[in-house]
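To keep things clear, I will list the structure first and then write my remarks on it.
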Amino acid sequence: MKIVTVIGARPQFIKAAAVSRAIANHDIEEIIVHTGQHYDKNMSDIFFDELKIKKPTYNLGVSGTGHGEMTGDMLKGIEKLLLEERPDLILIFGDTNSTLAASIAGSKLHIPIAHVEAGLRSFNMNMPEEVNRILSDRVSKFLFCPTETAINNLNAEGFPFKNQFIVNVGDVMEDAALFYKSIAAENLDILKNNQLESGNFNLATIHRAENTDNPEKLRLMVDGLNEICKQKRVVVPLHPRTKKKLQEKNLKIDITIIEPVGYLDMINLIHHSYLVITDSGGLQKEAFFFNKFCITMREETEWVELVNGNYNILVGSDKNKMINAYALFSKREFRKKENYYGGGKASENIVEYILKQS
Ligand code: UD1
Ligand code: UDP
């Protein structure tokens, strides 16, 4: 069996690292395609090196343009290589423009698609990710859901359509967190180099378009983080998109901004933080994996079970809600009761399912 895996953005490298390790245990040829969407060393190469992901056979070098142009250029490049490679299956992850481009290219050529992280919904069609994931789900053959919520979302939309398979396999990011945790623990330089004391700093990230592209929202979020800083330091490995936006403004910044870090350093930052404040999808779950509360700077989340379980509070860009959530979590002890994400077997479940059905 021959699989073409299409990835391009940071979280996809981490997810693919987990699934590719499972693929390597079987008699499957995997060809990695990097669309080029993320390209800085610490947004791309570092993940391939640290997580030992196979070098991409193709790098399409598409990045930094608007949604239509980016997706269109990727689509063109992916179609061309699919015609040469003629794989039995295309593997896609999540909800980025790289995901959508691969979905369109694959479906037009009638090549079966396996979508990892299918069925997630924010119910906010203004998010580019929501559009990408809905369209990708519709044309995929295998919809590998990470949670029961995702299964329910699909059923509510009338899935499965003809020749589709929907299955809750668990979350591949949990596989990654569990696998790389002990490897990460071997090198704690990220804490030492930034004078971070375990349990005595908060970890924050901001990158989502709806936050960074709205100057007022961004200002309020930075204000909120500055305020939390008065109680405990806030460390922010800053996405280049947000860095550019902050540079254009003249904001008072008390938080500690560092360059984006590799996954192993990130695991150490999460593990040793006091709590996590973010608008990232992946980080909300990683906070849970490492027993940290999470304050989410969004109006809605795809990971609703964390909110319902009181591990996560949605605060949007409301500074007061942020401060109140921080105060609330400061009084609570983190006690994990549920296992929402399958316990680290998602990647193997995916590969076994594909082999069984093919
Ligand atoms: C993309 C995904 C988002 C995901 C995020 C993960 C889409 C629509 N969005 O958002 O779902 O959560 O990746 O991080 O696909 N940039 C650099 N260097 C890089 C990468 C990006 O400077 O290595 C800058 C460029 O100015 C670029 C901007 O960041 O234009 C935005 O990058 P892009 O890939 O379009 O979107 P993300 O915000 O990263
Ligand atoms: N991440 C990382 N280094 C960083 C910031 C994030 O390795 O400097 C990891 C993070 O731990 C998670 C993934 O990148 O595994 C999440 O990616 P991101 O927040 O960019 O995207 P999202 O999950 O929101 O799509």
Side-chain angles (χ1 to χ4, degrees), residues 8-13 35-44 46-47 62-71 73 94-98 100 122 124-132 194 201-230 233-262 265-266 269 273 276-284 294-302 314-323 325-326:
R10 173 168 68 188
Q12 295 172 325
F13 307 140
T35 61
Q37 183 169 351
H38 286 176
Y39 49 88
D40 290 341
K41 192 172 181 313
N42 55 5
M43 294 291 289
S44 176
I46 192 168
F47 296 94
V62 180
S63 64
T65 48
H67 289 278
E69 187 176 346
M70 188 193 293
T71 311
D73 287 346
D95 50 28
T96 71
N97 290 343
S98 301
L100 178 63
S122 66
N124 176 357
M125 285 301 278
N126 288 330
M127 285 178 72
E129 292 83 1
E130 186 76 352
V131 176
N132 293 344
N194 292 287
F201 67 93
N202 301 297
L203 174 68
T205 71
I206 314 175
H207 79 277
R208 208 146 286 285
E210 71 256 30
N211 287 330
T212 58
D213 295 0
N214 180 326
E216 183 54 15
K217 271 192 171 183
L218 190 58
R219 188 185 65 76
L220 287 169
M221 288 163 62
V222 170
D223 268 6
L225 293 176
N226 282 343
E227 205 52 44
I228 289 171
C229 238
K230 291 179 184 158
R233 215 171 139 189
V234 179
V235 179
V236 189
L238 198 61
H239 191 290
R241 160 182 223 125
T242 323
K243 188 176 177 184
K244 282 178 194 157
K245 295 289 174 183
L246 284 182
Q247 277 164 352
E248 292 165 14
K249 313 273 166 315
N250 196 12
L251 297 179
K252 175 178 176 288
I253 296 179
D254 297 330
I255 52 185
T256 305
I257 290 179
I258 60 175
E259 289 297 312
V261 296
D265 280 346
M266 194 62 182
L269 287 173
S273 67
V276 171
I277 310 168
T278 192
D279 62 3
S280 158
L283 203 47
Q284 292 176 55
C294 183
I295 298 174
T296 299
M297 298 181 286
R298 287 182 52 195
E299 302 293 343
E300 69 283 306
T301 180
E302 298 77 22
L314 299 175
V315 297
S317 54
D318 186 322
K319 181 179 157 184
N320 290 328
K321 280 192 188 165
M322 241 164 120
I323 294 163
Y326 192 82

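Note that CG of L225 and CG of D254 are 10.0 Å apart. Values are rounded to the nearest 0.5 Å. Taking CD from E227 and CG from N320, the interatomic distance works out to 9.0 Å, rounded to the nearest 0.5 Å. Atom NZ of K230 and atom CD1 of I228 lie 11.0 Å apart (nearest 0.5 Å). Atoms CE and OG, from M221 and S317 in turn, are 7.0 Å apart once rounded to the nearest 0.5 Å. Distance CG/L218 to CG/D223: 10.0 Å, rounded to 0.5 Å. For the atom pair K252 NZ and R219 CZ, the distance stands at 12.0 Å (nearest 0.5 Å).
N97 places no side-chain N or O within 3.5 Å of a backbone atom of T71 that could act as its donor or acceptor partner. Here the side chain of D279 pairs a donor or acceptor atom with the backbone of R208 at under 3.5 angstrom. Of the possible polar contacts, one joining the Q284 side chain to the S280 backbone as a donor-acceptor pair under 3.5 Å is found. T96 places a side-chain N or O within 3.5 Å of a backbone atom of S98 that can act as its donor or acceptor partner. A side-chain donor-acceptor contact under 3.5 Å links Q12 to the backbone of A9.
C294 places a side-chain heavy atom less than 4.5 Å from the side chain of T278. Proximity of L203 to P237: side-chain heavy atoms (C-beta onward) are separated by under 4.5 Å at one or more points. For the pair N202 and Y326, the minimum side-chain heavy-atom distance is below 4.5 Å. V222 places a side-chain heavy atom less than 4.5 Å from the side chain of L246.
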Inset, instruction - Kindly determine whether E300 and S122 satisfy side chain to side chain donor-acceptor pair (under 3.5 Å), including the steps that lead there. - result: CA-CA 6 Å; E300 69 283 306; S122 66; 4.7 Å; no

message: Under the criterion side chain to side chain contact (heavy atoms under 4.5 Å, CB included), I'd like the reasoning laid out for L314 against E299: C-alpha separation, chi angles, the key distance, then a yes or no.
response: CA-CA 6 Å; L314 299 175; E299 302 293 343; over 6 Å; no

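A pairwise comparison of heavy atoms in D95 and N132 identifies O-ND2, 3.0 Å as the closest pair. Closest approach of G64 to M70, counting heavy atoms only: N-CE, 3.9 Å. When all heavy atoms of M43 and F13 are compared, the closest pair comes out as O-CE1, 3.2 Å. M322 and V315 make their closest contact through CG-CG2, 3.8 Å (heavy atoms, listed as atom of the first residue, atom of the second, distance). Considering all non-hydrogen atoms of both residues, F47 and G262 come closest at CE2-C, 4.1 Å.
No salt bridge links K217 with E210; every basic N to acidic carboxylate O contact stays at or beyond 4.0 Å.
Remark: H207 engages H239 in a ring-ring contact (aromatic ring centres under 6.0 Å, His included) (not counting sequence neighbours).
There is no side-chain donor-acceptor pair under 3.5 Å between T242 and T212.
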